[in-house]
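Reading through the structure tokens given below for one structure.
Index from 1, following the sequence.
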Amino acid sequence: MDWTRGQTIGHGSSASVFVAKSHWSSEIFAVKSVELSQSQFLQKEQKILSELSSPYIVSYKGYDVTKENDKFMFNLMMEHMSDGTLTDEIRKHNGRINEPLIGYYTKQILQGVEYLHSRGVVHCDIKGQNILLGKTGAKIADFGCARWVDPAERDGGTAAASAQPIGGTPMYMAPEVARGEEQGFAADIWGLGCTIIEMATGGSPWTNVTNSASLLYKIAFSGQSPEIPKFLSLQAKDFLSKCFRRDPRERWTAKQLLKHPFLEESNSNQDFVTSSPTSILDQDIWKSVEETETMDFCSIETVSSMDSAVQRVRELGLNSGVPNWSWDDERWIRLRRSSE
């Protein structure tokens with residue numbers, strides 16, 4: 001497929017995301033690209049995404065390899081979500097989304113999580129920045145940290161997941177992940193709880209943490225859970241309490257949470273969803289997003305203790321920051337497959 005690369009709309013830990021346009025159909029889609037020699041994680045994401053099909057997961061459109069400026073690039077093509085990220089939406093609401101809208105988005109995210117878990121996939125990095133919004137609501141994106149878990153393990157065990165590298169953003173990590181013990185389906189539920197707090201407060205699930213080492217230690221060993229906002233309804237508070245059980249075996253599953261009273265009255269229509277922009281160029285929400293403190297652990301091997309986890313973070317010297325969603329390149333570049 002001939003296509004043209006447009007403006008940059010995101011920067012991840014291992015790749016950049018661009019808006020793109022098909023030469024033949026003028027279809028607009030998103031392309032995640034990185035040099036072929038450094039595309040290990042993007043190729044893993046492509047393999048996972050290519051096997052998924054759900055209205056609550058960003059759609060896979062294919063991949064190719066192109067040659068640009070004497071470099072071979074691996075390109076993952078995905079559905080373009082016109083309204084940006086859930087984090088963008090929170091900022092549009094001045095840092096606090098109302099509870100009916102929180103319920104609406106939570107139900108869609110949870111439906112996506114339940115689908116992933118039914119397919120034996122753990123996302124490993126559920127957070128506002130990885131939830132994209134469009135005409136139909138919320139969809140889960142960014143499978144760079146995702147992994148397969150033996151479906152036979154999903155009802156209790158996580159042995160298959162624990163043998164793989166841990167991944168994700170420390171601020172959203174479950175206690176068992178912060179300790180380097182396991183990263184199974186229950187970890188996504190903890191991340192969902194953190195995302196709900198993000199929607200409700202516009203802030204991080206953990207406050208008064210000075211650095212990544214103290215954050216990881218607090219999550220792993222303090223015995224605490226993120227503080228549940230007092231202004232939420234009793235049903236919302238109870239829902240969060242089920243997400244934040246520190247023992248992953250006691251945390252509710254996605255299927256259980258979908259039956260929780262907090263979601264039973266969530267609207268199935270789009271009453272709470274703002275309409276999407278009419279043009280790619282109208283999307284002011286992609287501009288000037290402030291950076292917040294996050295780190296990507298996707299390339300870190302499984303660790304057996306907090307000391308080794310923190311040491312690896314220091315050795316990697318990863319910089320904090322979420323993707324800077326800005327139009328930083330006004331040029332369109334004509335691309336063809338490398339074989340042409």
Side-chain angles (χ1 to χ4, degrees), residues 12-14 32 39-63 76-79 106-127 130-132 138-169 172-195 242-243 245 247-260 263 296-303:
S13 60
S14 61
K32 197 171 186 179
S39 63
Q40 174 187 357
F41 291 105
L42 190 57
Q43 289 192 46
K44 185 190 77 168
E45 180 175 2
Q46 180 271 325
K47 290 178 182 177
I48 291 177
L49 195 59
S50 67
E51 297 194 29
L52 303 176
S53 178
S54 165
Y56 307 106
I57 305 295
V58 169
S59 299
Y60 170 76
K61 291 187 174 296
Y63 77 97
L76 170 59
M77 304 169 190
M78 304 166 290
E79 173 184 12
T106 298
K107 186 171 185 178
Q108 292 185 316
I109 297 167
L110 194 54
Q111 286 172 311
V113 169
E114 197 278 330
Y115 168 78
L116 292 176
H117 293 181
S118 72
R119 297 297 306 274
V121 176
V122 185
H123 185 275
C124 300
D125 201 17
I126 296 293
K127 59 180 181 179
N130 289 339
I131 306 299
L132 301 184
K139 297 190 180 186
I140 299 174
D142 199 337
F143 288 79
C145 293
R147 81 269 305 283
W148 296 102
V149 174
D150 183 349
E153 301 282 344
R154 68 173 177 265
D155 293 327
T158 49
S162 62
Q164 302 182 58
I166 65 170
T169 304
Y172 298 78
M173 280 185 176
E176 67 275 11
V177 181
R179 291 192 296 269
E181 295 172 354
E182 60 186 58
Q183 190 165 25
F185 299 116
D188 282 348
I189 301 302
W190 183 283
L192 173 66
C194 292
T195 304
K242 303 299 191 290
C243 296
R245 292 183 175 177
D247 187 337
R249 295 169 297 182
E250 297 179 359
R251 218 168 290 152
W252 277 30
T253 65
K255 185 172 293 187
Q256 287 175 313
L257 287 170
L258 282 170
K259 299 177 182 178
H260 191 281
L263 300 183
D296 188 342
F297 272 24
C298 296
S299 61
I300 297 180
E301 297 177 357
T302 303
V303 292

> Take atom CD in Gln40; do more than 12 heavy atoms of anything else shown fall under 6.0 Å from it?
Replying inline: no
> Roughly how far, to the nearest 0.5 Å, is CZ of Arg245 from CH2 of Trp252?
Replying inline: 7.0 Å
> Knowing that exactly one of Phe143, Phe185, Tyr56 qualifies, which makes a ring-ring contact (aromatic ring centres under 6.0 Å, His included) with His123?
Replying inline: Phe143
>> Quick check for you: to the nearest 0.5 Å, what is the distance between Leu42 atom CG and Tyr63 atom OH?
In response: 11.5 Å
>> So which atom in Ile166 and which in Gln183 form the shortest heavy-atom distance, rounded to 0.1 Å?
In response: CA-OE1, 3.3 Å
> Can you find a pair of side-chain heavy atoms, one from Ile140 and one from Ile131, that are under 4.5 Å apart?
Replying inline: yes
>> Distance check, rounded to the nearest 0.5 Å: Leu110 atom CG versus Lys255 atom NZ?
In response: 11.5 Å
> Do you know which of Ile57, Val149, Ile126, Ile48 makes side chain to side chain contact (heavy atoms under 4.5 Å, CB included) with Leu116?
Replying inline: Ile57
> Between Lys32 and Asp142, what is the shortest heavy-atom contact and its length?
Replying inline: NZ-OD1, 3.3 Å
> Quick one: do the Gln46 and Tyr60 side chains pair a donor with an acceptor below 3.5 Å?
Replying inline: yes
> Could you walk me through whether His260 and Gln256 pass the side chain to side chain contact (heavy atoms under 4.5 Å, CB included) check?
Replying inline: CA-CA 7 Å; His260 191 281; Gln256 287 175 313; over 6 Å; no
> If you take all heavy atoms of Glu182 and Pro248, which pair is closest and at what distance?
Replying inline: OE2-CG, 3.5 Å
> Are Pro175 and Trp190 close enough that some pair of their side-chain heavy atoms sits under 4.5 Å apart?
Replying inline: yes
> Taking all atoms of both residues into account, what is the closest heavy-atom pair of Gly144 and Lys44, and its distance?
Replying inline: O-NZ, 3.5 Å
> Do any N or O atoms from the side chain of Asp188 and from the backbone of Cys124 form a donor-acceptor pair under 3.5 angstrom?
Replying inline: yes
> Distance from Lys139 atom NZ to Met78 atom CE, nearest 0.5 Å?
Replying inline: 12.5 Å
>> If I compare all heavy atoms of Gln108 with all of Ala138, which pair ends up nearest, and what's the gap?
In response: OE1-N, 2.7 Å
>> Rounded at 0.5 Å granularity, tell me how far OG in Ser54 sits from CD in Gln111.
In response: 8.0 Å
>> Using 0.5 Å steps for rounding, measure from the CD1 atom of Ile109 to the CG atom of Asn130.
In response: 10.5 Å
> So do Thr253 and His117 actually touch side chain to side chain, heavy atoms under 4.5 Å?
Replying inline: no
>> How close do Ile189 and Cys243 get, counting heavy atoms only, and between which atoms?
In response: O-CB, 3.7 Å
